[in-house]
> 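Quick one: structure below, then a few questions.
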Amino acid sequence: MAQNQPDRGQRGLPGGSPRYSAFALAKKAINYHQDWQRAWRDPEPKTEYDAVIIGGGGHGLATAYYLAAVHGITNTAVIEKGWIGGGNTGRNTTIIRSNYLWDESAAIYEHSMKLWEGMTQDLNFNVMFSQRGVLTISHSEHELREMSRRVHAIRLNGIDSDILGPAEIKKFVPTINIDQSIRYPVMGGFLQKRGGTARHDAVAWGYARAADDLGVDIIQRCEVTGLRRQGRKIVGVETSRGFIKTKKIGCVVAGHSSVVAAMAGIHLPIASRPLQALVSEPIKPILDTVIMSNAVHMYISQSDKGEMVLGAGVDKYNSYAQRGSFPVPEHMLAAAVELFPVLSRLRMLRHWGGIVDTCPDASPIISKTDIEGLYFDCGWGTGGFKATPGSGHVFADLIANDRPNKIAAPYTLDRFRSGLLIDEHGAAGVAH
Amino acid sequence: MANSFESKPVFSGETALSNQSASKSNNPSGGAVGLIFHEMQHLGKLNIRGDHSLKAAIKAATGCHFPPLANHFETAGERRIVWLGPDEYLLLCESGKEKALHDTLTNTIKRSHFAITDVSDSLCALSLSGAAVRDVLAKGCSLDLLPAKFGAGKCAQSLLAHAGITLMALPDDTFILICRTSFAPYVHDWLVDAALEYGYQFTV
Amino acid sequence: MSRLSKAPMGHQIARIDAKCRIDRSVPVTFTFDGRTYNGFAGDTLASALLANGVHLVGRSFKYHRPRGILSAGSEEPNALIRLGKGAGAEPNIRATQIEIFDGLYAESQNRTPSLKFDVGAINSVLGRFFPAGFYYKTFMWPASMWMRYEHVIRHAAGLGKVADDHTDPDRYEKTHAHCDILVAGGGAAGLMAALQAASGGARVILADEQNEFGGWLLGEANISIDEQPATSWIGKMTNQLAAMPNVKLLPRTTVFGYMDHNFLTLNERVTDHLSKRPAHLPRQRMWKVRAQQVIIAQGAHERPLVFAGNDIPGVMLAGAVRTYINRYGVCPGQRAIVMCNNDDAYKTAIDLHRAGARVLIADLRAQPTGPLFQAAHNVGIDILVGHAVIAAYGTHRVARVEIAPVNHNATAIIGEVIHRDCDLVAMSGGLSPAVHLHSQARGNLQWDEGKLCFRPSATHEPSFNIGACNGSFDLVAGLKEAVRAGTKAAAASGFKTASLTVPDVTTAKQNWRSAAAWKIPNGHLAGRGPKAFVDFQNDVTSNDITLAAREGYQSVEHLKRYTTTGMGTDQGKTSNINALAILADALGNEIPEIGTTTFRMPYTPSNIGAIAGRDIGALFDPVRLTRMDDWHRAAGAKFEHVGQWMRAWYYPEESETMHDAVNREVRAARTSAGLLDASTLGKIDIQGSDAAEFLNRVYTNAWNKLGIGKCRYGLMLKDDGMIMDDGVTTRLGENHFHMTTTTGGAAGVLDWMEEWLQTEWPDLEVYLTSVTEQWSVATLSGPNAAKILEEAGIDIDLSSANFPFMSMKHAHIGGLPARIFRISFTGELSYEINVAARHGLALWTHLMKAGAAHGITPYGTEAMHVLRAEKGFIIVGQETDGSVTPHDLGMDWIISKTKPDFIGKRALSRESMGYSDRKHLIGLLCSDPKTVIPEGAHAVIDPDQPLPMDMLGQVTSSYFSPNCGRSIAMAMLKGGRALMGQTVYFPMLDGTVLDAKVVNPIFYDPKGARIDG
Amino acid sequence: MLIIPCPYCGPRDEIEFACGGEAHIARPLAENTITDAEFADYLFIRDNPKGIFLERWRHSAGCRRWFNVARDTVTHKILEVYPMGSTPKKAITKASYASSWRRNTVAEKAAKPDKRNKGGRVK
Ligand SMILES: Cc1cc2nc3c(=O)[nH]c(=O)nc-3n(C[C@H](O)[C@H](O)[C@H](O)COP(=O)(O)OP(=O)(O)OC[C@H]3O[C@@H](n4cnc5c(N)ncnc54)[C@H](O)[C@@H]3O)c2cc1C
Ligand SMILES: NC(=O)c1ccc[n+]([C@@H]2O[C@H](COP(=O)([O-])OP(=O)(O)OC[C@H]3O[C@@H](n4cnc5c(N)ncnc54)[C@H](O)[C@@H]3O)[C@@H](O)[C@H]2O)c1
Ligand SMILES: Cc1cc2nc3c(=O)[nH]c(=O)nc-3n(C[C@H](O)[C@H](O)[C@H](O)COP(=O)(O)O)c2cc1C
Ligand SMILES: [Zn+2]
């Protein structure tokens, strides 16, 4: 790849925690697994940290990890109100790709993709990053034109992308219906072979374990209730477990970004919306890649455990209820049956929702604020899982150096003032 | 015909469903036919925007009491005024009378803020009846169609599956269903499919 | 064992002669794993297999352990089979819920090559190396091998196989329903509540997932109600309800979702139980119910006990054993061990005894007392108190158990181990109320320390919990709750009812408390010894749970995700409480502090086909057709989807390629005349004294001075200054305008303008009415257009003096009244002829006839696109993408400098709007005039630079222009207007590079000379 | 799946409605000068409370009228429905109206009607 390789910092548990391996597993089996240690400690919060990360999702944990691994800032705490990975990290459909349209997006998602490639080894935790490909389907002349635009841009950004015709798609995905007489026929698609999925929970756990190894305190069941400042400077956080002193706070709370921002009197261009997903019962493999369709609002993959994992578009109204409205999955399942008739005789096993932080231009915010020492990383909306390592990496850099690097620079809050948006959905769905 | 719109179309021409085969039916289970429906060809339709100040003019021109209560329609002979919203109504009239009514209304209503628009060809009206008509409609419509709640004289704008509709309840479990003409083939196909288990009969 | 296996085929060895719910006069034949068996109508597949002595029915998910039938209901984790064959096959169905019918075909799953001999069982032997979460710790090196490891893992995982032919032959329905009271669950409590609720006339829906109402009572032999067997009372109640017109009974219907504002989803299995399914009936129907009040009467699930070998076929839930005996006339074993921590299992022991089995009770409690204990004792059943089964053994069926005395709470073995041969273990760990629907609806739970279970506390929606699901296990207590809830629910929806009398119930009094005993010791050191299962389906053992706790996965949600407890198709109905308790124990914590995982829809897995219903195929999404559609089809047109509309794309004549056809159409429009169906354009009728002012605000240009009968092009922005839509608007009268919009934008524009009128400018006197479908539009374009209209018979003077460009006239064409707009999207003399839609087809055919002599040519959207591109006209959505301003398109002329405000005005002066590197609309001429640069191609200045390249922007429109005799393109390039005359390069996907000159985007007739013909 | 009480048609299923986001955002008039940052408050910045939210809905498949709704974003309970151009009446919804940071923005002040336009602008 043409872009620079990210600086991965210290890798593979340099702090000395016991390493995982097949050998370790066999050895521990001798003693019936009685002496495995905690994957990460459960410390009491200290009175002061050099930096506090609010939010123990993938992004927050990755930020803490890279602060320690790349920037040597280890006196850090990750404060999580519930259990790590319990937000959107633990409830997303795990699609990973970097085939975005705009240069700014391509840069950050590709940065992330490179970190995915090798994350298992970096963290010594198998996050099951599986590059089984992500295929986005086009269903109309208009979408074919958009696809061409996208693929040309993606390629010139040095990112892999191929256009497939219906017959090639059928060969690649034998269960798909390419009958041209259906309402939204499969007219073509573009494939990122390096895209795929990862085991979402493992990402949170792997970052937590590796960050902990470097000395980061991971503090669960601790809710941030206030941000304390002196003038325009941060001096600490109020939490359900007491006040913690710090000069730097990184807020990475996804759906709750507006709530935490309001604690500092900051207002964000964010709406918190439910995004729903569901899984079918587990079945023997029938789908070996990820399929996305924007026109019918549906995406689908099959997990390693065998369930079909399906998602759709966001709900239409704000909510913090971690559940969505029935018409969304109802429509999504009809779309799924159109494209994959085999699903008709499968059963929905579990359905859930997460609360995503959507931005007007469908691009994230990685930014300083007008309060010194307060940083936000949010607005990833429906697609931030794929960005987990990249976001953590550049956000750590921003916190450490107090200025955005080249990749993060376009994502400041200032773009809403200047109008220099990175309109990812504007570029996708338009009138004709 | 299960409703009172007996007058024959004055203007000839195509209707939203004139390309459907003249009649079709299916009744796999025997019994009373679940859904009987036909297109009310060239029914005159005027969209009326305005407030209570139109009362006298409309009453004079149509014979209908105006305005109807919310979610109700008023009938006078072959004319009906259907409530669509707080300042929006649909006047249904005999085929071919829409132009004259339009002119009469426009000429008699003075000074008030109003708009009358001929939408006769914009909207398609179907007449629905049959033993299972409410069951068929319930498959696509989230309104509570219990006769006591949606009985004669009631109307509502809602959705039938993926199509916007105006539904009017007439006596004897008969309904007028109005949709945009471009959705009419979909609505027709949907009704035929929905009524399969109860049996249906369609005539143009 | 031996006695069973020697039994002749088809002989229902375990069938007993008892009064029960099967119909012995209707024998049924079915096939399981290639063998044919007999059963009776009323059997489930599980009861029929048990009747035939078949206990081994499946293999577990991870270790491929032999598994049997655990339960008799929807909580079943083990007995998942594949039902049917070919296109109708369906995986993972619970044998306990399948009603058998003649010809039923079933197969076991997740085994190779056979159920008895499964190579996957090696995983069980190696189980020690596969503890919870092992995959996070392994398969990391070499990194490149992961995809291979994963391939193996994927194929080992998964349960059943999908249908062989992927197109579902069945039909599914869905429907809306409204009621005053929905009763979920039709056991004793549900029946009573439904009758109470309905007695005042309220609309009641009663749904039960089973084939008959009655719930748990159907499996009880020793309860009489009003001095009749309980089943008689059930029959009476059901008949009474069935006779009420205000009651809808839905058997075989699972309430699977309970959502906001009392919205519930139900899945009714309409024909699944029939051997011949009428084609006009749906296989299943989803009900979308809106209820005023909900009464939840889901009952309770019995918990297994966690001891070594508790997953071997033949180890069953005690209550299920009782149901098989009493409801199905099947005695699942002859030498039975009953193991329990409560009174309830004594009923099973007594019924087993009566059915002729030899029974031994191992009661974990040190001092059980009470009538049931006495009764068991009296009939001569051996009872070991303070004892536990500490291990069960057997390969394909349990054959032997070890029993030992245990201390209080069963944390240690305190005496000698006894060995017993057996063929059945009936276990009971107490009842867990089914709080699923209550929890889905965000109701709260509280821990009941006596009954060792979570039960509902506060509700979030208007609802009631009654009977066993409310933790009220006593029948009379449950019935009393039912009457109370029925009365209250009726009252809350406006119906008065008189309280019904709770019937007399005669049964042995029982204590409903259970003794805590979560993990039975087995005499081995921690972590060792045979496996004791918590989650049967996902093969989670008690050791996995303690391991997870040890590794820090201590939140119950972490435990779930690390071990997969409760993530199977049963969603942990039988396992979750045991898992919580073992976790609590490992952490030295209390169960209520640990809390439960989140209950989610669906209650049991629900068919996707039924949720999709009929919203598939042609009914997936409406297709909108113009009135001329039949003509286009007859003419062989190819169609393009534009929004929901189908538009004629081009009209190939025999053997013509698309390219040929489009060239011909484009040429015709420039040399003689072309006819386009433009009916899909959005049309909005605008009336009111403020109509012109309103247009001033929604369009960027000025509208006050537009004369009556005159047309003007307008551009609409969003308030962020980005182009949203465009179109021509015509002044029909002083206060009356006719607006056109893009086809795809029509609905959005109307909504948008309504929004501004209603919310921002309610003071403006303007009314909007959509007339898109009122008018059919044929656009006649080309130098012969006027001539053809004259020949078609038009009653107005078409001379430019009388009818100039950008004006509108009323006229008759061939007698049809029309509105004619002299506007042009092609640059040619052009008339957009609007007639009432009923005349659309007549107008079209009439014009085609009239123009025949001039070679009038119908043209589609593709030719229209080429024609407008030749003129450099934009298409919103093609040149624009939501990030383009009028300035970017070089259309500053359309922005009024004098209007104080219009939507988008302020945004256009934001800092970045003036940046010189914004993308501008420009034209491109490829150096090779025959090459059409692909739309979407990106321009660069230096094609030899390394990746990622600095890109200028993209080609938005690109065609071969037969009129220019060469290819032409439009593009949006950064700083494009400054690049005029320069060459830019287009790296292609195949590695080649095209180059083109940046030019003005008007390629044809730049002076506009042709507009008057 | 909400039931939304349309002030004109009565309670109807959520599928008949479209949600229009935060209510009571006054639109600054282009003729009144404000900075880009202040304009961004109007254009992009949104209230996003966890709890009572004042939002706009349209009965899109029914009477097509816009109205305001006070809804709790955690419980999804609808606390009040009130017409466009008015503010909520209940004590608790009134309080959330009054306490919004937006009540004092420059953008809001710039929305004040200008003499050249007739009538007031309300939302
Ligand atoms: C159904 C669904 C499907 C999705 N599918 C995809 C996909 O396929 N691909 C993709 O790339 N993305 C997807 N996403 C988006 C993706 O999940 C998110 O963008 C991403 O996981 C966000 O990670 P995060 O770490 O920022 O947030 P989270 O994981 O949500 O973490 C934020 C954490 O902050 C904590 N927190 C909040 N407030 C406080 C407080 N006051 N004090 C302390 N802690 C607090 C929360 O408890 C939470 O754990 C999906 C999202 C959903 C809901
Ligand atoms: N294991 C046991 O011993 C046991 C279990 C449950 C109830 N009981 C006893 O049975 C008596 C009657 O109790 P009850 O009426 O509360 O319970 P019940 O178990 O008799 O009835 C519950 C009914 O609800 C149905 N059901 C559950 N979830 C459903 C859903 N989502 N959709 C549709 N139907 C659903 C079940 O099929 C069942 O018929 C009580 O005396 C109770 O103690 C005993
Ligand atoms: C990729 C993925 C796969 C999942 N697979 C399963 C599964 O096999 N079984 C299951 O019960 N839940 C599965 N879930 C859903 C979780 O149980 C859970 O619903 C989700 O993480 C949201 O959490 P909550 O329901 O506790 O709020 C899966 C979730 C994700 C994101
Ligand atoms: Zn309404």
Side-chain angles (χ1 to χ4, degrees), chain A residues 2-3 20 22 25 29 32-34 36 38-40 83 86 120-121 125-126 130 140-141 145 148-149 152-153 155-158 183 201-202 281-286 304-306 326 330 333-334 337-338 341-352 418-420 423 426-427 430-432, chain C residues 90-92 128-129 131 136-140 143 150 153-154 157-159 161-163 166-168 527-528 547 551-552 555 557-558 561 569 600-601 605-609 611-612 615-616 620-621 640-642 744-745 876-877 881-883 910-912 935-938 946-949 951 954:
Chain A
Q3 269 133 344
Y20 290 162
L25 195 69
Y32 294 85
H33 304 289
Q34 292 305 299
W36 284 106
R38 298 184 62 100
W40 59 87
W83 38 285
T120 287
Q121 286 71 30
F125 202 101
N126 190 348
S130 172
S140 65
E141 290 300 319
R145 192 181 306 119
S148 168
R149 175 182 176 189
H152 279 93
R155 283 278 201 90
L156 294 188
N157 268 318
R183 181 66 181 81
D201 297 320
E281 293 184 335
I283 43 165
K284 294 293 177 194
I286 58 164
D304 282 354
K305 225 174 117 238
F326 191 68
E330 187 183 5
L333 288 174
V337 172
E338 280 288 283
V342 67
L343 294 175
S344 179
R345 288 186 97 80
L346 283 183
R347 280 177 299 277
M348 165 168 80
L349 166 61
R350 188 175 172 98
H351 161 271
W352 67 92
S418 70
L420 214 54
D423 199 345
V430 278
H432 183 50
Chain C
E90 195 162 313
N92 304 343
R128 198 159 142 197
F129 300 100
Y136 303 125
K137 298 174 177 152
T138 50
F139 308 125
M140 288 189 270
E150 192 192 29
I153 293 172
R154 284 172 81 79
L159 279 169
K161 287 199 189 79
V162 295
H166 292 171
T167 309
D168 193 331
R528 308 184 187 198
L547 171 65
E551 292 193 87
S555 154
E557 300 285 2
H558 278 159
R561 287 158 176 82
T569 65
R600 292 280 192 185
M601 170 173 88
S606 211
N607 269 82
I608 289 171
I611 298 171
D615 288 339
I616 54 168
F620 177 65
D621 190 30
E640 179 185 26
H641 288 267
V642 184
V876 173
D881 62 4
S883 68
R910 285 177 300 163
E911 180 188 310
S912 72
E935 286 172 354
H938 275 64
L947 297 174
M949 293 195 187
M951 288 171 254
Q954 76 282 6

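Please read these numbers as outputs of a predicted model, since none were measured by experiment.
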> Please flag which part of A:Ile286 lies under 4.5 Å from any non-hydrogen atom of chain C: side chain, backbone, both or neither.
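Contact with chain C is through the side chain of A:Ile286 alone.
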
> Just wondering, do C:His938 and A:Arg155 contact through their side chains at under 4.5 Å, heavy atoms?
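No, every pair of side-chain atoms sits at 4.5 Å or beyond.
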
> Should C:Thr569 and A:Pro282 count as side-chain neighbours, where that means a heavy-atom distance under 4.5 Å?
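With C-beta onward as the side chain, the pair touches.
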
> State whether the number of non-hydrogen atoms from other residues, nucleotides or ligands found under 6.0 Å of C:Lys161 atom NZ is greater than 12.
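Atom NZ in C:Lys161 is not packed in, count stays at 12 or less.
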
> Determine whether A:His152 and C:Met951 make a side-chain contact, defined as any pair of heavy atoms from C-beta on separated by less than 4.5 Å.
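SC-SC contact between A:His152 and C:Met951 ruled out.
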
> I'd like to verify something: which residue of C:Pro91, C:Ala157, C:Ser606 has the highest number of heavy-atom pairs under 4.5 Å with chain A?
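Result: the option with the highest number of such pairs is C:Ser606.
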
> Counting only heavy atoms closer than 4.5 Å, note whether A:Asp201 contacts chain C via side chain, backbone, both or neither.
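Contact with chain C: side chain only.
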
> Specify the closest pair of heavy atoms between A:His33 and C:Leu547, including all atoms of both residues, with the distance to one decimal.
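Scanning both residues, the minimum pair turns out to be O-CD1, 3.5 Å.
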
> Between A:Tyr20 and C:Tyr136, what is the shortest heavy-atom contact and its length?
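Heavy atoms of A:Tyr20 and C:Tyr136 come nearest at CD1-O, 4.1 Å.
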
> Check the angle between the aromatic planes of A:Trp40 and C:His558 and answer parallel, tilted or perpendicular using the 30° and 60° thresholds.
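The rings of A:Trp40 and C:His558 stand perpendicular, inter-plane angle above 60°.
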
> Can you tell me how far apart CG (C:Leu947) and CG (A:Asn157) are? Round to the nearest 0.5 Å.
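If I round to the nearest 0.5 Å, the distance is 8.5 Å.
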
> Do you know the tightest heavy-atom contact between C:Gly882 and A:Asp423?
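C:Gly882 and A:Asp423 have their closest heavy atoms at O-OD2, 3.9 Å.
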
> Among A:Gly306, A:Gly86, A:Pro285, A:Ala39, which has the most heavy-atom pairs under 4.5 Å with chain C?
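Of A:Gly306, A:Gly86, A:Pro285, A:Ala39, A:Pro285 has the most heavy-atom pairs under 4.5 Å with chain C.
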
> For each of C:Gly527, C:Ala163, C:Ser555, C:Ser912, tally heavy-atom pairs with chain A at distances under 4.5 Å, and name the one with the top tally.
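Highest number of heavy-atom pairs under 4.5 Å: C:Ser912.
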
> Can you tell if the side chain of C:Pro131 reaches within under 4.5 Å of the side chain of A:Leu25, non-hydrogen atoms only?
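When only atoms from C-beta onward are counted, A:Leu25 and C:Pro131 do touch, with a gap below 4.5 Å.
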
> Using a 4.5 angstrom heavy-atom cutoff, name the option from A:Leu346, A:Val337, A:Leu420 with the most pairs to chain C.
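Winner by heavy-atom pair count: A:Leu346.
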
> Checking C:Leu159 against chain A: side chain, backbone, both or neither under 4.5 Å from a heavy atom?
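Both backbone and side chain.
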
> When A:Leu333 is tested against each of C:Ile616, C:Ile611, C:Asp615, C:Asn607 for side-chain contact (heavy atoms from CB on, under 4.5 Å), which residue passes?
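Of all the options given, the one that passes is C:Ile611.
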
> Atom CG in A:Asn126, atom NZ in C:Lys137: separation rounded to 0.5 Å?
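It comes to 12.0 Å.
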
> Taking all non-hydrogen atoms of both residues, which atom of C:Ala612 and which atom of A:Ala334 are closest, and how far apart?
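Here C:Ala612 and A:Ala334 meet closest at CB-CA, 3.6 Å.
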
> Out of curiosity, A:Glu281 CD to C:Ile608 CD1, how far, rounded to the nearest 0.5 Å?
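Going from the CD atom of A:Glu281 to the CD1 atom of C:Ile608 covers 9.0 Å.
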
> State whether a side-chain donor-acceptor pair under 3.5 Å links A:Arg183 with C:His641.
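Indeed, the side chains of A:Arg183 and C:His641 share at least one donor-acceptor pair under 3.5 Å.
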
> Quick check on C:Glu935 against chain A: is it the side chain, the backbone, both or neither that has a heavy atom closer than 4.5 Å?
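Both parts, heavy atoms under 4.5 Å.
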
> In Å, rounded to the nearest 0.5 Å, how long is the span from CH2 of A:Trp83 to CD of C:Glu557?
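Interatomic distance, A:Trp83 CH2 to C:Glu557 CD, rounded to 0.5 Å: 4.5 Å.
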
> Under a 4.5 Å cutoff for heavy-atom pairs, which residue among C:Arg154, C:Glu551, C:His166 has the most contacts with chain A?
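Sorted descending by pairs with chain A, the first entry is C:Arg154.
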
> Counting heavy-atom pairs under 4.5 Å to chain A, which of C:Arg910, C:Arg128, C:Glu911, C:Gln954 comes out on top?
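The option with the most such pairs is C:Arg128.
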
